[in-house]
Number of protein chains: 2
Amino acid sequence: MSTSNSRASGFADQAAVYAPLYRQIKELILLALQRGEWKPGALIPSETDLAGRFRVSQGTVRKAIDELSTDHLLVRRQGKGTFVATHHEPRAQFRFLRVVPDDQEPVPGVSRYLECKRTRAGSEVALQLAIKPSDPVVYLRRLLSFSGAPIVLDEIWLPGNLFKKLTFERLSAYSGPLYGLFETEFGTRMIRADERIRAVAAAADAARWLKVGPGTPLLQVERLSFTYGERPVEVRRGLSLTDSYHYRNTLT
Amino acid sequence: MSTSNSRASGFADQAAVYAPLYRQIKELILLALQRGEWKPGALIPSETDLAGRFRVSQGTVRKAIDELSTDHLLVRRQGKGTFVATHHEPRAQFRFLRVVPDDQEPVPGVSRYLECKRTRAGSEVALQLAIKPSDPVVYLRRLLSFSGAPIVLDEIWLPGNLFKKLTFERLSAYSGPLYGLFETEFGTRMIRADERIRAVAAAADAARWLKVGPGTPLLQVERLSFTYGERPVEVRRGLSLTDSYHYRNTLT
DNA sequence: TAGTGGTCTAGACCACATA
DNA sequence: ATGTGGTCTAGACCACTAG
């Protein structure tokens, strides 16, 4: 991989006839992350080390890490080294939690789990998770409260084979971010998510949990989350009260 | 600015005691853009040119342009050159238009302007635009339709001094993206926006325009847009029907 | 003092667009 | 053939952290 530049052919779907060296290096690091060679939160080898290992210049490794860093898969810390990103660190906390109070600073909130059962995917969820309708899924329901008031009612569907040992007890005993639990206990790291947001009228059940009248306008957030390799691994539907909370977003 | 590295002191608010060379270059390019030295859509000098002009290496200019490019202020085109970004090009079209149809591809939509008047800011809008409540603003109302059906009702407030010549006729005659008009006719380019999203019940007036019953849940999007130097220049409140449309977002 | 990431340079070569 | 952005290298030095 020196100056003579042996490019990977990469016959992947459609494009990618040509991939620059730093992207190949990125891919190698990505694979190492995916197979858990370095755990979340851990220090990875220095840029110089990796450069030697992959037989490329330090600048090339650097550019690969640059991209992984903007992808939130790695975190650089000057003077210390480069670390595997984790959903446990505070900076990642509000990346996937967009419902925040109108006037105060964002706060974590408290989860109360209402349900945790195993069932079959069904056609809709199966389609999204790219599995068969008869395949097993874990179905969760939880109520998120901020300063004592119930604000978000979430339904969550997870592939059964990836979350075999997920139980109601395990969830209730845990307090940190849900994705943190998924990452450390089930080896599934959420990388990216697509959301569809709507306004809906509260059904009787949701209204009861959120302590409002049926028909109250609620913010519905449908989410599909992905792990490495664009694999869909979570379907989520949240219903939020938005009197004194809102979904915040920045367009750049 | 050669190896001896004369850093700008930058006594700006709080931080920025130290700024790397490429950031200083970025700032210089930013100023050139801001004062309209290169118009939207225009070709800017090559990296080599700029390197010569600023007395730094090409790699340093490159890194500055890298950032401006991810900020969507410049667009690189290999073999052609680097261009000033514009809201007129199709790639920028859906950066600020997040309400899209559930199943089809995103489409531009058709605007019908309902109102365009001059008034005073009032306390709320003034606070957001960082002007005085007695300062003049332009107030707009428009209805956005997709394939014939009214979907979004927008209210827009703009600083009066920046949009002096904005008229109902000018708006109605125009068909492209609104930010495109602002950019070419009023020299105000929208860079970034913060949004707060809620579910609300349709008031009588909104219900009438969107052809639904009063009390129907609507998606309310409050937006504050910024131009160069984090200057707020637009307040917007949109109400959307989300039966067969939704607000799409990607968490990364 | 040593190690790590961060910046900057100079030069070579590749990929792409256009004339 | 020429000019532009894109990649890659090698080496020097700066800023930050920790033993």
Side-chain angles (χ1 to χ4, degrees), chain A residues 1-10 15-29 38 41-70 73-85 91, chain B residues 1-10 15-29 38 41-70 73-85 91:
Chain A
M1 266 190 200
S2 57
T3 25
S4 58
N5 201 348
S6 61
R7 251 80 191 237
S9 25
V17 206
Y18 156 85
L21 239 193
Y22 74 86
R23 283 233 197 258
Q24 300 176 39
I25 304 301
K26 179 183 180 183
E27 201 55 36
L28 291 175
I29 298 176
W38 307 304
L43 176 70
I44 75 168
S46 75
E47 297 181 351
T48 323
D49 276 11
L50 292 172
R53 182 176 313 192
F54 296 135
R55 308 305 213 82
V56 298
S57 81
Q58 186 250 16
T60 300
V61 170
R62 184 163 183 79
K63 186 143 188 185
I65 294 181
D66 273 346
E67 291 203 352
L68 290 165
S69 178
T70 66
L73 293 177
L74 295 178
V75 176
R76 298 169 176 292
R77 276 180 239 178
Q78 190 174 29
K80 291 184 163 183
T82 302
F83 299 78
V84 181
R91 31 193 313 184
Chain B
M1 270 192 199
S2 56
T3 26
S4 58
N5 201 350
S6 62
R7 252 79 192 238
S9 25
V17 207
Y18 156 84
L21 239 193
Y22 74 88
R23 284 232 197 257
Q24 301 177 39
I25 303 300
K26 180 183 179 183
E27 201 55 38
L28 290 176
I29 299 176
W38 308 303
L43 177 68
I44 76 168
S46 74
E47 297 181 352
T48 323
D49 276 10
L50 291 172
R53 184 175 312 193
F54 296 134
R55 309 305 213 82
V56 298
S57 82
Q58 187 251 13
T60 299
V61 170
R62 184 164 183 76
K63 186 143 189 187
I65 294 182
D66 274 346
E67 291 203 353
L68 290 165
S69 179
T70 66
L73 293 177
L74 294 177
V75 177
R76 298 170 175 291
R77 278 179 237 179
Q78 190 174 29
K80 292 183 162 184
T82 302
F83 299 79
V84 181
R91 30 192 315 183

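Convention: sequence-line order gives letters A, B, ...; per-chain numbering from 1.
Rounded to whole Å, atom C1' of D:dC14 lies 16 Å from atom CZ of B:R23. Going from atom NZ of A:K26 over to atom C1' of D:dT7 covers 16 Å, rounded to whole Å. Separating the CZ atom of A:R62 from the P atom of D:dC8 is a distance of 16 Å, rounded to the nearest angstrom. With rounding to whole Å, B:D66 atom CG is found 15 Å from C:dG6 atom P. In this structure, the CZ atom of A:F54 is 14 Å from the P atom of D:dC8, given to the nearest Å. Computed from coordinates, the B:Y22 OH to C:dT9 C1' distance equals 16 Å when rounded to whole Å. The interatomic distance linking A:R55 (CZ) with D:dA10 (C1') rounds to 16 Å, in whole Å. A:Y18 has its OH atom 7 Å from the C1' atom of C:dC14, to the nearest Å.
Annotation for A:G81 and A:L43: closest pair CA-CD1, 3.8 Å, computed over non-hydrogen atoms. What you find for A:R76 and A:R62 is that their closest heavy atoms are NH2-O, 3.2 Å. Pairing each heavy atom of B:Q58 with each of B:T48, the nearest pair is CG-N, 4.4 Å. What you find for A:P45 and A:L50 is that their closest heavy atoms are O-CD1, 3.7 Å.
Using a 4.0 Å cut-off, no side-chain N or O of B:K63 falls inside it from OP1 or OP2 of C:dC8.
Stem regions for DNA chain D, each three or more consecutive Watson-Crick or G-U pairs with both distances under 3.5 Å and listed by first number, read C:1-18 with D:1-18.
Side-chain contact between B:Q24 and B:V56: absent, with no pair of heavy atoms (C-beta onward) separated by less than 4.5 Å. A 4.5 Å side-chain heavy-atom check between A:F54 and A:I29 finds at least one atom pair inside the cut-off.
Closest to the side chain of B:L21, from the set D:dT9, C:dT9, D:dA15, is C:dT9. Among the nucleotides D:dC8, C:dT7, C:dA10, the one closest to any side-chain atom of B:S57 is C:dA10. Considering only side-chain atoms of B:R76, the nucleotide from D:dG5, D:dA10, C:dA15 that sits closest is D:dG5.
Atom-to-atom distance recorded for B:F83:CZ and B:I44:CD1 is 9.5 Å, nearest 0.5 angstrom. Taken to the nearest 0.5 Å, the CD1 atom of A:I25 stands 10.5 Å off from the CD atom of A:E27.
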Between protein and nucleotides 2-4 of chain C, what N or O pairs are separated by less than 3.5 Å?
residue	atom	partner	partner atom	Å
C:dG3	N2	A:G79	O	3.0
C:dT4	O2	A:G79	N	3.4

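With sequence neighbours excluded, no residue forms a side-chain hydrogen bond (donor to acceptor under 3.5 Å, both in side chains) with A:K63.
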